[in-house]
Number of protein chains: 2
Amino acid sequence: MTQDSATGAPSSAHEPGDALQTGGTTGIIGYRLRRAQLSVFQKFLSIFDGLKLRPADYSVLVLIADNPGRKQTEIAEVLDIKRANFVTLVHGLEERGLVERIPSSADKRANALHLTEEGETFLAHARQVHEAMEQELIDRLGGEGERAQLLALLDRLT
Amino acid sequence: MTQDSATGAPSSAHEPGDALQTGGTTGIIGYRLRRAQLSVFQKFLSIFDGLKLRPADYSVLVLIADNPGRKQTEIAEVLDIKRANFVTLVHGLEERGLVERIPSSADKRANALHLTEEGETFLAHARQVHEAMEQELIDRLGGEGERAQLLALLDRLT
DNA sequence: TGGCAATGTTATCCTATATAACTAAATACC
DNA sequence: GGTATTTAGTTATATAGGATAACATTGCCA
């Protein structure tokens, strides 16, 4: 009884060079999501290796650029980053001269976040680099239509 | 010049209660992938909280069940888990009485992995629980067709 | 005015993941 | 056949992500 291909069930024995039965995991939506996400993030990391920018850093810079003057809690919240961990993240960006924490005059507890001039320049470049990566992903998907399809399907899972 | 809705660009000022401009991040494939993956894993964790089973544990049990007698390196490899980290993972499953490490007679360095009787019973139950979750995800996607579409699109990213 | 909530921060913990080094055993090479 | 290389499992260790608790300062509000 070694008819794997018929039943898909594991045979009682295996030859040393045999491929493993992976259907039990590769059929799982969450598993495939995770693999795809890791693959895309890996590509991001390799592309942005020179700029020393991680996905979280990039998303923070983009959000600050598109919402200048917002306080830390607001930016952290939309990214689902705990404000305690956001402190370290912003601190790093500030040390690199990309972000400014300006004490809010309206609320003395809060810091208003802004990009520095250098931060604007840096992000403009990073956005170009990222745009190229995004376009490659779209190409791999098959086009804009497939990208829209994917995003719509992902939305239903969230 | 406060016509955000027309340009999508940030206005120079924001009202305290305003929603943030998030298009810069939510349009990114990798960002949406990550959010969806986190959401699905979160659901997994809450559903399997009672069984104290994490996604990685589940995938390991399934792979051992479907490929009994394989050695650690083989199972770890298909899951992209470093063999050094796999040691701890399998050790935990062994301590819980779900997995056996049987020294291979053919290769005295290797451990042949098997589920125990208890492991088989446990996994049978876990598979049922997971099947219900998977079906809910499929329903959310819209049906089997959409599931197949999603998996196909994810494949192209990997 | 006094109590409660929010902001930013520090400290700490846990988990996941990556790397290096080691042993014992198998394999390759000559 | 004996030596060198590779492989399997393991240990120790480092880093990064993310969660929680506690605290000072400030804002809110009733």
Side-chain angles (χ1 to χ4, degrees), chain A residues 16-17 20 30-31 34-35 37-39 41-42 44-46 48-49 52-60 64 69-95 99-114, chain B residues 16-17 30-31 34-35 37-39 41-42 44-46 48-49 52-60 64 67 69-95 99-114:
Chain A
L20 273 71
Y31 180 82
R34 174 73 173 154
R35 299 302 290 247
Q37 182 256 309
L38 283 177
S39 170
F41 268 45
Q42 200 52 51
F44 185 102
L45 288 175
S46 69
F48 282 93
D49 187 52
K52 281 186 209 153
L53 207 64
R54 311 185 143 275
D57 299 321
Y58 181 70
S59 62
V60 168
I64 294 178
R70 294 290 190 160
K71 47 189 173 182
Q72 296 185 189
T73 302
E74 292 179 300
I75 302 290
E77 206 164 65
V78 300
L79 291 174
D80 263 338
I81 298 176
K82 298 272 172 296
R83 70 188 196 282
N85 297 326
F86 196 70
V87 171
T88 314
L89 208 167
V90 174
H91 188 68
L93 296 174
E94 196 178 29
E95 275 192 331
V99 165
E100 277 181 317
R101 279 194 261 216
I102 302 179
S104 166
S105 51
D107 185 341
K108 291 179 187 171
R109 298 168 301 179
N111 293 333
L113 297 178
H114 296 269
Chain B
Y31 180 82
R34 174 73 172 153
R35 299 303 289 248
Q37 183 257 310
L38 282 177
S39 170
F41 269 45
Q42 201 50 52
F44 185 102
L45 287 174
S46 69
F48 282 92
D49 187 52
K52 280 186 211 156
L53 207 64
R54 308 182 147 276
D57 299 321
Y58 181 70
S59 62
V60 168
I64 295 178
N67 302 275
R70 293 290 189 159
K71 45 189 173 182
Q72 296 184 189
T73 302
E74 291 179 301
I75 302 290
E77 207 163 63
V78 300
L79 291 174
D80 264 339
I81 299 176
K82 297 275 173 296
R83 71 188 195 284
N85 298 326
F86 195 71
V87 170
T88 313
L89 208 166
V90 173
H91 187 67
L93 296 175
E94 196 178 29
E95 274 192 332
V99 165
E100 277 180 316
R101 279 195 262 217
I102 302 179
S104 166
S105 50
D107 184 340
K108 290 180 188 171
R109 298 167 302 176
N111 292 333
L113 297 178
H114 296 268

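Worth saying up front: this structure is predicted, and the values here are computed from it rather than measured.
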Does [X] have a side-chain nitrogen or oxygen under 4.0 Å from the phosphate oxygens OP1 or OP2 of [N]?
X	N	value
B:Thr73	D:dG9	yes
A:Arg101	C:dT9	yes
A:Gln72	C:dT9	yes

Original post:
Can a donor-acceptor pair under 3.5 Å be found between the side-chain atoms of A:Arg109 and the base atoms of D:dT25?
Top reply: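 Not at all, since no donor on one side and acceptor on the other fall under 3.5 Å apart.
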**OP:** Tell me, please, which residues at least two apart from B:Glu94 pass salt bridge (charged side-chain N to carboxylate O under 4.0 Å, His left out).
**Re:**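 Checked B:Glu94 against salt bridge (charged side-chain N to carboxylate O under 4.0 Å, His left out); matches are B:Arg101.
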**OP:** Sort and list the pairs that fulfil salt bridge (Lys or Arg N to Asp or Glu O under 4.0 Å) and have at least one residue in residues 78-88 of chain A, not counting sequence neighbours.
**Re:**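 Qualifying pairs: A:Asp80-B:Arg35.
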Original post:
When rounded to the nearest 0.5 angstrom, what is the spacing between CD1 in B:Ile64 and CD in B:Glu74?
Top reply: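 CD of B:Glu74 is found 11.5 Å from CD1 of B:Ile64.
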**OP:** Evaluate the ring planes of B:Phe48 and B:Phe44, with Trp represented by its six-membered ring, and classify them as parallel (under 30°), tilted (30 to 60°) or perpendicular (over 60°).
**Re:**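 B:Phe48 and B:Phe44: parallel rings.
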Original post:
Any idea which of D:dT10, C:dG8, C:dA26 is nearest the B:Lys108 side chain?
Top reply: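 The listed nucleotide nearest to B:Lys108's side chain is C:dA26.
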Filtered N/O pairs between nucleotides 14-19 of chain D and protein, under 3.5 Å:
unit_1, atom_1, unit_2, atom_2, d
D:dG18, OP1, B:Arg34, NH2, 2.8
D:dA19, N7, A:Asn85, OD1, 3.3
D:dA19, N7, A:Asn85, ND2, 3.0
D:dA19, N6, A:Asn85, OD1, 3.0

Subject >> A:Ile75: which of A:Leu113, A:Leu89, A:Ile81 passes side chain to side chain contact (heavy atoms under 4.5 Å, CB included) >> reply: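 Only one option passes, and that is A:Leu113.
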Subject >> Gap between atoms CG and C1', on B:Leu89 and C:dT17 respectively (whole Å) >> reply: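 Interatomic distance, CG of B:Leu89 to C1' of C:dT17: 12 Å.
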